Amino acid sequence: MAASSRQAVVILHEIYGINAHIQRARETWQGRGFDVFTPALFPHTAPFTYAQQEMAYRHFTQQVGFDPAPVVSLLETLRAQYTTLIVVGYSVGATLAWLAARSGLCDGVICHYGSRIRQHCDTAPPCPALILIARHEPAFDTSVLQQTLAQFPLVQCCMFDAHHGFCDAESATFDEGMARGARERVWEFVGSICVWKGARPEA
């Protein structure tokens with residue numbers, strides 16, 4: 001695929017697959033002037049529904065897992081084509097984004113409520129990272145993760161008084177106000193990267 005922009009983003013989906021939420025994210029980034037890549041982390045195209053959460057999580061853990069190699073391979077291909085390359089992930093996709101960014105192949109990484117990042121905090125990516133976490137996670141203490149990530153100078157960890165999935169308009173935990181705040185932080189972060197790379201994004 002020939003690059004139509006100097007900027008590209010790779011969006012990594014949640015356990016559900018490429019659903020309406022990921023499609024909206026893709027359209028938003030395209031509207032900002034980015035070429036967008038949304039690789040399917042599993043082969044079937046029909047996404048799981050939110051009512052199938054347990055099935056979707058079991059499928060992801062058993063059939064996909066947190067091996068960043070396929071994402072890193074994509075980044076290797078894209079790196080030669082783009083001045084600015086950013087990876088964005090949601091939930092399990094956020095953890096994969098964090099792991100793939102440690103390859104040094106991207107210019108920034110944005111992780112939305114990647115709870116499993118807590119298990120991979122030994123090393124941070126060598127690029128700027130924005131971690132957006134929900135305060136109310138049932139499985140772990142988010143303040144501990146925030147404190148752990150604070151040791152890395154290139155990592156910004158922003159806590160929102162919300163629940164996992166708060167940025168997804170289709171989710172039962174969607175919070176419009178918190179999602180708006182998260183978007184503002186994202187575009188501020190992206191703007192700083194693109195200006196530094198000499199490729200300011202469209203307003």
Side-chain angles (χ1 to χ4, degrees), residues 7-15 25 29 41 57 60-61 64-76 78-79 83-168 173 175 177-197 201:
Q7 307 168 116
V9 61
V10 174
I11 301 177
L12 303 179
H13 62 71
E14 301 174 80
I15 56 174
W29 283 89
L41 300 177
Y57 181 75
F60 182 86
T61 55
V64 183
F66 292 100
D67 179 5
V71 180
V72 171
S73 179
L74 175 59
L75 293 178
E76 289 174 341
L78 298 178
R79 181 70 277 179
T83 301
T84 305
L85 182 57
I86 297 172
V87 184
V88 177
Y90 293 87
S91 193
V92 294
T95 300
L96 278 172
W98 171 268
L99 293 172
R102 298 201 298 193
S103 66
L105 291 167
C106 60
D107 302 301
V109 58
I110 302 169
C111 304
H112 297 76
Y113 30 87
S115 60
R116 296 285 179 175
I117 289 175
R118 71 187 189 275
Q119 298 174 335
H120 303 279
C121 288
D122 54 318
T123 304
C127 63
L130 177 63
I131 314 300
L132 307 170
I133 57 176
R135 184 180 305 279
H136 308 291
E137 287 275 5
F140 70 104
D141 186 339
T142 52
S143 63
V144 172
L145 175 59
Q146 188 176 40
Q147 292 168 9
T148 301
L149 294 175
Q151 68 181 300
F152 301 113
L154 292 179
V155 176
Q156 301 176 40
C157 184
C158 302
M159 179 91 75
F160 291 84
D161 190 19
H163 296 267
H164 191 101
F166 71 93
C167 291
D168 179 359
T173 58
D175 187 307
M178 294 293 107
R180 186 183 311 113
R183 287 195 300 271
E184 291 172 356
R185 293 303 297 265
V186 165
W187 296 123
E188 178 183 346
F189 176 79
V190 171
S192 67
I193 292 173
C194 292
V195 169
W196 172 58
K197 296 290 289 185

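The shown structure was predicted, so the numbers you read here are calculated from the model rather than taken from an experiment.
- Closest approach of Phe166 to Ala182, counting heavy atoms only: CE1-CB, 4.0 Å.
- To the nearest 0.5 angstrom, Ile133 atom CD1 is 7.0 Å from Leu149 atom CG.
- Contact of the Phe189 side chain with the Ile110 side chain is registered, since non-hydrogen atoms from C-beta on lie closer than 4.5 Å.
- A 4.5 Å side-chain heavy-atom check between Thr142 and Tyr113 finds every atom pair outside the cut-off.
- Side-chain atoms of Val109 and Ile86, non-hydrogen and from C-beta on, never get closer than 4.5 Å to each other.
- Ser91 OG to Arg116 CZ: the interatomic distance, rounded to the nearest 0.5 Å, is 9.5 Å.
- A heavy-atom distance below 4.5 Å is not found between the side chains of Leu154 and Pro125.
- Remark: the Asp175 side chain and the His163 side chain contain no N/O donor-acceptor pair separated by less than 3.5 Å.
- For the residue pair His164 and Ser115, no side-chain donor N or O sits within less than 3.5 Å of a side-chain acceptor on the partner.
- One N or O on the side chain of Asp107 and one on the backbone of Leu85 form a donor-acceptor pair closer than 3.5 Å.
- Smallest separation of non-hydrogen atoms from Cys106 and Cys127: O-CB, 3.6 Å.
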Exercise for the section: Run the numbers on Asp141 and Arg118 for salt bridge (Lys or Arg N to Asp or Glu O under 4.0 Å), then give the verdict. Expected result: CA-CA 10 Å; Asp141 186 339; Arg118 71 187 189 275; over 6 Å; no
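- Annotation: the span from Met178 atom CE to Cys167 atom SG amounts to 10.0 Å, rounded to 0.5 Å.
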Handout entry: Residue pair His120, Thr95: steps toward the side chain to side chain donor-acceptor pair (under 3.5 Å) verdict
Key = CA-CA 8 Å; His120 303 279; Thr95 300; over 6 Å; no
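- The line from NE2 of His112 to OH of Tyr90 is 4.0 Å long, rounded to the nearest 0.5 Å.
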Practice task
Determine, stepwise, if the pair Val9 / Val87 fulfils side-chain contact (heavy atoms from CB on, under 4.5 Å).
Solution key: CA-CA 6 Å; Val9 61; Val87 184; over 6 Å; no
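- Taking both residues in full, the closest heavy atoms of Cys121 and Ile117 are given as SG-O, 3.2 Å, listed atom of the first, atom of the second, then distance.
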Practice task
Walk me through it: do Thr83 and Gln7 pass the test side-chain contact (heavy atoms from CB on, under 4.5 Å)?
Solution key: CA-CA 6 Å; Thr83 301; Gln7 307 168 116; over 6 Å; no
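- In this structure, His136 contributes its side chain and Asp161 its backbone to no donor-acceptor pair below 3.5 Å.
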Exercise for the section: Given side-chain contact (heavy atoms from CB on, under 4.5 Å), test Cys111 with Leu132 step by step and report yes or no. Expected result: CA-CA 6 Å; Cys111 304; Leu132 307 170; over 6 Å; no
Handout entry: Residues Gln119, Phe140; criterion side-chain contact (heavy atoms from CB on, under 4.5 Å); working and verdict
Key = CA-CA 11 Å; Gln119 298 174 335; Phe140 70 104; over 6 Å; no
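- Side-chain contact check for Phe66 versus Leu99: some heavy-atom pair is nearer than 4.5 Å.
- The closest side-chain heavy-atom distance from Gln156 to Ile131 is not below 4.5 Å.
- Considering all non-hydrogen atoms of both residues, Ile11 and Trp29 come closest at CD1-CD1, 3.8 Å.
- Checked by atom type and distance alone, the side chain of Thr148 pairs as donor or acceptor with a backbone atom of Val144 at under 3.5 Å.
- Considering every non-hydrogen atom in both Arg102 and Asp122, the closest pair reads NH1-OD1, 3.2 Å.
- Note that the CD atom of Glu137 and the CE atom of Met159 stand 9.5 Å from one another [nearest 0.5 Å].
- Side-chain contact between Trp98 and Val155 is present, with at least one heavy-atom pair separated by less than 4.5 Å.
- In this structure, Val186 and Leu130 have side chains that are in contact, with non-hydrogen atoms separated by less than 4.5 Å.
- Here CD of Glu188 is found 8.5 Å from SG of Cys158. Values are rounded to the nearest 0.5 Å.
- Proximity of a side-chain donor or acceptor of Arg135 to a complementary backbone N or O of Ala162 within less than 3.5 Å is not detected.
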